[in-house]
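For reference, the structure is listed below as structure tokens.
Side chains included, hydrogens not; waters and symmetry mates left out as well; all remaining heavy atoms used. Just so you know, residue 1 is the first one in the sequence shown, and it goes up from there.
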Amino acid sequence: MRFLISAAITTIIIMTSCGQQIQEHKVASCIDSFAIYYFNYDFTNARRFVTDDSEKWLQFAASNVHESDIEILKKQDIAKIEITDIEISDNLTDAEAKIDVKGWLHKTIIGKDPIVEEKTTIKLFAVKDGEQWKVKMVNLPQSEKQNHD
């Protein structure tokens, strides 16, 4: 009897762990796809990976890209993305990811030329939408500020 209870508990732990790993993979795929498109100014394709209420932020970002920015982008290597951390809530419905973005042509001030961020850390949020994960934007992605205290 004790063996059966132990086996049942072990099975539940393994199944929960596998479910968590599957969700982490799905979140990572969504975050990576969104980030590659977004940080290379392909807002049309980035749209596929965001929630409906996040679309306004993509439209805002796109509306602030000017011809001079496009000329700089044409001469620039693509931004590279590396996911450094993913944390999924216990109920597997929302997640937070930290990514490093290298070579991002970042528009810091509207109307000014963008600067190239050699490496910056960005925090992105994702929510489960049915069986899919989507990035939830509550503002434009910003460089995570480091606390040097």
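Atom NZ of K98 is surrounded by 12 or fewer heavy atoms from other residues, nucleotides or ligands within 6.0 Å.
Considering only heavy atoms from C-beta on, L140 comes within 4.5 Å of Q142 through its side chain. The shortest side-chain heavy-atom distance between I72 and L105 falls under the 4.5 Å cut-off. Annotation: side chain of M137 is in contact with side chain of P141 (closest heavy-atom distance under 4.5 Å). Between K80 and V101, the closest side-chain pair of non-hydrogen atoms is not below 4.5 Å. Looking only at side-chain heavy atoms (C-beta outward), I99 and F39 come within less than 4.5 Å of each other. Between I31 and V135 there is a side-chain heavy-atom pair separated by less than 4.5 Å. Counting heavy atoms from C-beta outward, T93 and V127 have side chains that stay 4.5 Å or more apart.
E96 and F125 get closest at one heavy-atom pair: OE1-CE2, 3.4 Å. Scanning both residues, E55 and V50, for their nearest heavy atoms gives N-CG2, 4.4 Å. Across I83 and A28, no two heavy atoms sit closer than the pair CD1-O, 3.4 Å. Across all non-hydrogen atoms, the minimal contact from Q76 to G103 is NE2-O, 3.9 Å. The two atoms that bring I88 and A95 nearest to each other are CG1-CB, 3.9 Å, heavy atoms only. Closest of all the heavy-atom pairs between K134 and D129 is CG-CB, 3.9 Å.
Within the model, atoms CZ of F34 and CD1 of I81 stand 9.5 Å from one another, a figure rounded to the nearest 0.5 Å. Atom CZ of F49 sits about 9.5 Å away from atom CG of D32, to the nearest 0.5 Å. Atom NZ of K119 is separated from atom CD of E82 by 7.0 Å, given to the nearest 0.5 angstrom. Atom-to-atom distance recorded for K128:NZ and S89:OG is 10.0 Å, nearest 0.5 angstrom. For the atom pair D42 CG and Y37 OH, the distance stands at 6.5 Å (nearest 0.5 Å). Expressed to the nearest 0.5 Å, how far CD of E24 lies from CH2 of W133 amounts to 10.0 Å.
For Y38 and F43, the gap between ring centers is short of 6.0 Å.
Panel note: side chain N64, backbone A61; no donor-acceptor pair is recorded below 3.5 Å. In terms of modelled atom types and a separation under 3.5 Å, the side chain of T120 and the main chain of E117 share no donor-acceptor contact. S29 contributes no side-chain N or O that, together with a main-chain N or O of H25, makes up a donor-acceptor pair within less than 3.5 Å. Side-chain atoms of N40 come within 3.5 Å of backbone N or O of A79 as a donor-acceptor pair.
There is no side-chain donor-acceptor pair under 3.5 Å between E118 and W104. Side chains of T84 and D100: no donor on one and acceptor on the other come within 3.5 Å.
Taking a cutoff of 4.0 Å between a charged side-chain nitrogen and a carboxylate oxygen, D77 and K102 do not qualify as a salt bridge. Checked for salt-bridge contact, K136 and D53 meet the test: a charged N lies under 4.0 Å from a carboxylate O.
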TODO: Would you check, one step at a time, whether the test salt bridge (charged side-chain N to carboxylate O under 4.0 Å, His left out) holds for D85 with K123?
DONE: CA-CA 9 Å; D85 187 41; K123 189 182 293 186; over 6 Å; no
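In the hydrophobic clustering of ILVMFWY residues, with side-chain heavy atoms under 4.5 Å counting as a link, L73 and V116 come out together. Side-chain heavy atoms closer than 4.5 Å link hydrophobic residues (I, L, V, M, F, W, Y) into clusters, and following such links, possibly through other members, connects I36 to V65. Under the 4.5 Å side-chain heavy-atom criterion for ILVMFWY residues, a single connected hydrophobic cluster contains both I70 and L58.
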